[in-house]
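Numbers here simply count residues along the sequence, with the first being 1.
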Amino acid sequence: MSESLLHKLKGLLAEKPISLHVPGHKNMTIGYLNQLNFKMDVTEITGLDDLHSPESVIAESMQRVTKHPDYDAYYLVNGTTSGILSVIQAFSSKKGDYAIVRNAHKSVFHALDLIKAKAQLLKMDVSDVTNQYLGPNKTSLYDQVKDSKLAVFTYPNYYGECFDIKTVMECLKSLKIPTLIDEAHGAHLGLEHFPETTLNLGADYVVQSYHKTLPSLTMSSVIFIHKNAPYREEVIKYLSYFQSSSPSYLLMSSLELAQKFYEDYNSECFFQKREQLIQQLKSKEFEVIEVDDPLKINIRYKGYNGYELQSYFETQHIYVELADDLQVLMVLPLWHEDDQYPFDELLSRIEDIQLVERQWDINTSIPYRTESSVYYGGEIQQVRKIDIKYAKNKILANHIVPYPPGIPLMFKGEKITEDMVKLMDYWCEHHQSVEGIKNLKIEIKDE
């Protein structure tokens, strides 16, 4: 029998890893989670309220999550996914189609599949900086969303880039179309010198993964529901459908502590250490790509792809969020006074990385589809497995999803192009974790 998960985790911690990835507590070195105790893992005994029918302490705890006066906050103990599923389900019987950005998280498409819904995939812009999906194309947005019953946007994108969400929201409001904003990587937005949250723009539903950027436990998120949001009572009902009937008091307490951290936070220390880190990386000839969200930085080195860079960082037990063919993504800690993050050790380990510049260029021609399209939810019943090399012109039976970030780059029902085959080969060659590919095989529609 292979080693246990517990043994594996103990081995990782013995290496004294340094986290530049989620969750936001960075191996319990950031925030107030030292106030938690495993003895707090209890159930709904007298006095502890019930998340699914909150009337006392849990209700009061959620009421204290006051990021904006127009919203009510609800704890999510099954992650942001449960909030997304609940909102999309609540709109399922309403007239019209969904409008979805192509860089939506896989949970959005899972929600569409559950209700066999049709969705308009919006025309997209691609970032010139990171080579990733950025946001919907504004020039074509009006015509694409005008008959929609719900529009779903990801903001910011996984790499920390923001698009002109204000103009997009103005367009949706003029059409009276409700909005769901997947702000999973934006629980810290609104802090001083960070981008603005869409809570300030009147979105109907905003989901935030507190655990990704704030110091709370993994799976702990919050959905913010506008007081005038359509079908809000149905969404609240479905929150009980898509969440455990035994919600974790540790997760809920960690959300409470993370909210307190957010309210107390002073960003001065963060920006000082961020600048030190950037200068250390540059002194080792790394290229540092700064984006809209200061919490994210993208790192490159001439002649190296991101997977190689990730390996070099891991030789120093520095773990980044993800790698792609161009770069690695680092999610920085929200450094604060008296935190326990090993910052000096991080600088020292970066100093020990030795790379020699290469003269060849890295291929960055990822075949992103940016045109508008239609997504049909539901399962493809007749499928078969084939080797990737024979996949050209076949119809995908399952999404192809690099994880992280958990965003489908190839959709079920799409015809596989030659470029898509090359990209899948590239991922396999570099041992990238990709859902939908196993042993060089994928599932296609059996015709």
Fit a plane to each ring of [X] and [Y], take the angle between them on a 0 to 90° scale, and name the class: parallel (under 30°), tilted (30 to 60°) or perpendicular (over 60°).
X	Y	answer
Tyr205	Phe91	perpendicular
Tyr241	Tyr238	perpendicular
Phe109	Phe411	tilted
Tyr265	Phe261	tilted

Which pairs count as salt bridge (charged side-chain N to carboxylate O under 4.0 Å, His left out) when at least one residue sits in [range], sequence neighbours excluded?
range	result
residues 35-48	none
residues 152-170	Lys138-Asp164
residues 61-75	Arg64-Glu256, Asp72-Lys227, Asp72-Arg232

Basic-acidic side-chain contact under 4.0 Å: [X], [Y]:
X	Y	value
Lys8	Glu3	yes
Lys282	Glu287	no
Glu290	Arg274	yes
Asp425	Lys389	no

How about [X] and [Y]: do any of their side-chain heavy atoms sit closer than 4.5 Å?
X	Y	answer
Leu281	Ile350	yes
Tyr32	Pro215	no
Val320	Leu329	no
Asn78	Ser244	yes
Pro23	Lys212	no

Go through the side-chain N and O atoms of [X] and [Y] and say whether any donor and acceptor fall under 3.5 Å apart.
X	Y	result
Gln280	Ser283	yes
Tyr426	Gln432	no
Glu263	Gln259	yes
Glu321	Tyr158	yes
Asn305	His430	yes
Asp324	Tyr159	yes
Asp125	Asn137	yes
Glu275	Gln279	yes

Any donor-acceptor pair under 3.5 Å from [X] side chain to [Y] backbone:
X	Y	answer
His399	Val401	no
Arg349	Gln316	yes
Asp49	Ile58	yes
Ser348	Asp344	no
Ser253	Leu250	no
Thr154	Asn157	no
Ser254	Leu251	yes

* Asked: Given the side-chain rings of Phe313 and Tyr319, with only the six-membered ring counted for Trp, is the space between their centroids under 6.0 Å?
  ->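 No - the distance between ring centres of Phe313 and Tyr319 does not fall below the 6.0 Å cut-off.
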* Assert yes or no for the condition that the ring centre distance of Phe270 to Phe194 is strictly below 6.0 Å. =>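 Yes, the ring centres sit under 6.0 Å apart.
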* Answer yes or no: are there more than 12 heavy-atom neighbours, outside Asp387 itself, under 6.0 Å from its atom CG? =>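 Check passes, neighbour count above 12.
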* Asked: Quick check: are there more than 12 heavy atoms from other residues, nucleotides or ligands sitting under 6.0 Å from NZ of Lys284?
  ->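 Enclosed: over 12 neighbouring heavy atoms sit under 6.0 Å from NZ of Lys284.
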As an exercise, state the distance from [atom1] of [X] to [atom2] of [Y], rounded to the nearest 0.5 Å.
X	Y	atom1	atom2	value
Ser19	Asn27	OG	CG	5.0 Å
Met252	Ser61	CE	OG	8.5 Å
Tyr312	Ile353	OH	CD1	10.0 Å
Leu189	Glu196	CG	CD	9.5 Å
Ile400	Glu414	CD1	CD	10.5 Å

* Decide whether a cation-pi geometry holds between Lys26 and Tyr341; the criteria are a distance under 6.0 Å from NZ or CZ to the six-membered ring centre and an angle within 45° of the ring axis. =>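 Output no; distance or angle outside limits.
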* Mark yes or no: Arg358 above the aromatic ring of Tyr304, with NZ or CZ under 6.0 Å from the six-membered ring centre and no more than 45 degrees from the axis. =>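 The answer is yes; both the distance and angle limits are met.
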* Asked: side chain to side chain donor-acceptor pair (under 3.5 Å): which pairs involve residues 182-195, sequence neighbours left out?
  ->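 Matches after skipping sequence neighbours: Glu183-Thr197, Glu183-Thr198, Glu183-Gln208, His185-Lys296, His188-Thr213, His188-Asp293.
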* Asked: Residues in salt bridge (Lys or Arg N to Asp or Glu O under 4.0 Å) with Lys260, at least two apart?
  ->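 Counting only residues at least two positions away or on another chain, Lys260 forms a salt bridge (Lys or Arg N to Asp or Glu O under 4.0 Å) with Asp264.
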Testing the basics here: between [X] and [Y], what is the closest heavy-atom pair and its distance to 0.1 Å?
X	Y	answer
Ser209	Ser221	CA-OG, 3.4 Å
Leu295	Pro333	CD1-O, 4.0 Å
Ser216	Ser220	OG-OG, 2.7 Å

* **Results of side chain to side chain contact (heavy atoms under 4.5 Å, CB included) for Leu48 - residues two or more places apart only** =>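 For Leu48 the side chain to side chain contact (heavy atoms under 4.5 Å, CB included) partners, ignoring immediate neighbours, are Val42, Ile45, Tyr249.
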